[in-house]
Structure formats: C-alpha cells, structure tokens
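Residues: numbered from 1 along the sequence shown. When reading the values below, keep in mind they use all heavy atoms of this one structure, side chains included, and skip hydrogens, waters and symmetry mates. Keep in mind that this is a model prediction, so the values were computed, not measured.
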Amino acid sequence: YNGELTTHAGYAQIDAELISTIRTTAGVRYETADQSVDVFDRFNDSSAFDTSLSNDYWLPSAMVTWNFTDNMQFRVGYSHTIARPQFRELAASQFTDPETDRIYFGNSNLTDSKFRNYDARYEFYLGRNQFLTLAGFYKTIDKPIEEIQFTTTDFSFQSSFINSPKAELLGGEFEYRTRFFLPGDGWLADQEWLFSVNYTYTESEIVVGAGDTITERDGDIVAASSYGLDGSPMVGTPKHIVNTQFGWEGENTQFTILGGWVSERLLARGEALTKANRLLDVYEKPGFQLDAVFRHRVNIHGTDFTIGLAGRNLLATKHIEEQRGVDDPDRAPDGIVDFNTYERGRSLSASLTAHF
C-alpha cells in the first residue's frame, strides 16, 4: 500500500499572570489534514479498499496554575486532542508483526478518534529533582480504535481494527522522587542515593448507545451491541501500573534497579457474536519485571570510556496471553486457555563506549 498524510495547522496562545500567584495559559489550534491509503494488488482490482480521510478541527486548551507557596502549586487543565489511524491500521492488506508474529489486516473504514481531556494536579517540590505529585484525570474518547482477533476458515489467528463507539477513562496518579545520602563514613556514604515510585490507576469503560454501529473491515455495518462492548474495559488499558527506581550515583559510577508491574489488561477483542469461528477476548498478564543497569566511567590512556552492564527481566517473568471459558456474563468461566504464552527469558548485555 501507499500512505500519505498532509497536515496544515496554526495556533494562537495567551500566557498571562492574573495575579501574583495565579497563571493561566489558553489557546486554540486549527488543523486540517488529508490522509490517504491506496492498496495495490498485482492480480485484482483492490481500489474498493482505498481510503481517504479529510478533516479539520478546532482544538482548544486551557490551564490554570495556582502557586500558593514557594514550593507548591495546583494546576487544572482542559484540552481537546485527536488521534488518527496509523497507515497500517487503514491499509486493507496483510502484514505480519515481526515482534509478535501476528498477522494483521487493516480496516479502510476507520476514522479519527476525538479526545476531551480534563485533569488536575498537585505538585510539591522538595529540592533538586525531588518532588511529590498527586493527579486526577478524566477523558472521553469518541470512536477509539481497538484491536480485534478473528479466525479464518483454516483456523489461523488474525487481527484487525475497529472504531468502538465511545470510551470514558477516569483515574489518578501518584509520584514521589527523592535523593539522599546515607549517614556515616565510607564509600556508601559518598554516593547520592535515589528513589522514585509512580503509581497510576485507570478505570476505563466502553459506552454503547442505542443505534450505535461498527463498520467492519469488509464494509459490513453491524450493531455495536453485537460485540458485547458496553461496560467492557478499553483494549490495552490496565487498571494498575507501578514503576519504581532505586540506586545510587557517584562521581564516576551509577547503579539503578528498575521494577515495573502492570496488572491484567484486555489485549484484543473477539469479533461480533454473530461471526462464525469467533474468538473469545484475549487478555494479557504483563506481571512484574525487574531490571538492573550499571555504568562506570574510566580514563584509559587519556581517553574517556563508559563501561555498561545491564540485566533485563531478571525474574524471568513469562509473557502470558489467555482466554477464559465461555463468553457469557451470566455463567462462571469454564476454564482458561493459553493463547500466546511463552518464556521471555533473561537478557544480559555489556558495552564499552569511547568519548572523544
């Protein structure tokens, strides 16, 4: 396929200090875009799957910041943004993702997704690169793009994309970052230690109204209710995400341990309930991943070098994708089936970098 995107935009913005402690930023962006994907077939006429999107948007945004002390502030904001389909999502041609080994078909009937974003954030600055933040957010998405799974007549698994009718997201975020020195004398006391933690909670929900429809990759228009979308979480959106970092930095040495945990998330939906050979929804369990990174600077014969060592997935967390029993909310699951589960293994690497 051939893909093309042309965008023209302009914006106006005002940044003003209303009083000594309150600052506001407001603006609007006007944008036009023409996006096209032309699919080619060496044997057949495939022009029926060509697509062209031509849209223009007014995208307003505003933020008010209240600096109520020297080291604290509170911000509230609103913005209207968009997300366009990727070329690969629009191209009605087969391709294979080399990382997941999945076969994809684009959907030439996709449209832009429109976001309205509301957020509030409290920030407490404790020192150089040290802070505490608490935030909350709410988003509405019109026509979010989501991945679906289906099987062909030969029972091979394949993927495509749809525009779900609407989604709502509500959540909060906590982040803390600090630096400190250990008491006493010796090598450990000479290092600057660092610690940070970030936690994000997200509650997402697909909202289907009466009469909402979905245009599938073959052009069929079906009732959105046939996908069982209403009240389900968004694809790819976990409820909980935790990231932590701990380590130390010296004059020539840095060592960091990184930990990350992501809760279960919906990876791909099954096709409409009326489809033959329909797959159940696929869930992913990312689990906990532990990494470590070490860097040390040395000078050898007048040239500076950095020695790097890294270990990834030290706990050998598996990649887990699974399906659960019968897709019937009134029944208990009949069982769990592995869909794409495998050992990711551990990764160790070393590097030597010269600085001239």
Check your understanding: Under the side chain to side chain contact (heavy atoms under 4.5 Å, CB included) criterion, do Tyr1 and Val37 qualify, and how do the steps go?
Key -> CA-CA 7 Å; Tyr1 66 88; Val37 174; 3.9 Å; yes

Check your understanding: So how far is it from Thr215 OG1 to Asp218 CG, rounded to the nearest 0.5 Å?
Key ->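 Atom-to-atom, Thr215:OG1 and Asp218:CG are 10.0 Å apart.
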
Neighbour count >12 (heavy atoms, 6.0 Å) for atom [atom1], [X]:
| X | atom1 | value |
| --- | --- | --- |
| Asn299 | CG | yes |
| His8 | NE2 | no |
| Phe174 | CZ | yes |
| Lys143 | NZ | yes |
| Gln94 | CD | yes |
| Asp70 | CG | no |
| Trp66 | CH2 | no |

Hey, is [X] close enough to [Y] for a salt bridge, meaning N to O under 4.0 Å?
| X | Y | answer |
| --- | --- | --- |
| Glu147 | Arg217 | no |
| Glu205 | Lys139 | no |
| Glu321 | Lys285 | no |
| Arg75 | Glu123 | yes |
| Glu173 | Arg121 | yes |

Close side-chain approach of [X] and [Y], heavy atoms under 4.5 Å:
| X | Y | answer |
| --- | --- | --- |
| Phe161 | Glu146 | no |
| Leu280 | Val282 | no |
| Phe255 | Arg295 | no |
| Phe95 | Arg88 | yes |

Donor-acceptor check, side chain of [X] to backbone of [Y], threshold 3.5 angstrom: yes or no?
| X | Y | value |
| --- | --- | --- |
| Ser52 | Ser36 | no |
| Asp338 | Asn340 | no |
| Thr253 | Gly250 | no |
| Asp230 | Val208 | yes |
| Gln35 | Pro85 | yes |
| Gln130 | Arg179 | yes |
| Ser79 | Ser61 | no |

Would you be so kind as to tabulate the donor-acceptor pairs closer than 3.5 Å made by side chains of residues 17-24, with sequence neighbours excluded?
residue : atom : partner : partner atom : Å
Arg23   : NE   : Asp15   : OD1          : 3.0
Thr24   : OG1  : Met63   : O            : 3.3

Look at the aromatic rings of [X] and [Y] and report parallel, tilted or perpendicular, splitting at 30° and 60°.
| X | Y | result |
| --- | --- | --- |
| Trp261 | His240 | parallel |
| Phe150 | Phe105 | tilted |
| Tyr118 | Tyr78 | tilted |

Review point. Cut-off 3.5 Å, side chains only: do Asp291 and Gln289 have a donor facing an acceptor?
Key: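 The answer is yes; a qualifying pair exists.
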
Practice item. Could you go through the side chain to side chain contact (heavy atoms under 4.5 Å, CB included) check for Asp50 and Val39 one step at a time? Key: CA-CA 6 Å; Asp50 293 346; Val39 181; 4.1 Å; yes

**Study point:** Closest contact, heavy atoms only, Leu314 versus Arg346
**Key:**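 Here Leu314 and Arg346 meet closest at O-NE, 2.8 Å.
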
Practice item. For ring pair (Phe, Tyr, Trp, His ring centres under 6.0 Å), just list the numbers for Phe157 and Phe339, CA-CA rounded to whole Å, side-chain angles, deciding distance to a tenth of an Å, and then say yes or no. Key: CA-CA 10 Å; Phe157 299 147; Phe339 183 79; 4.9 Å; yes

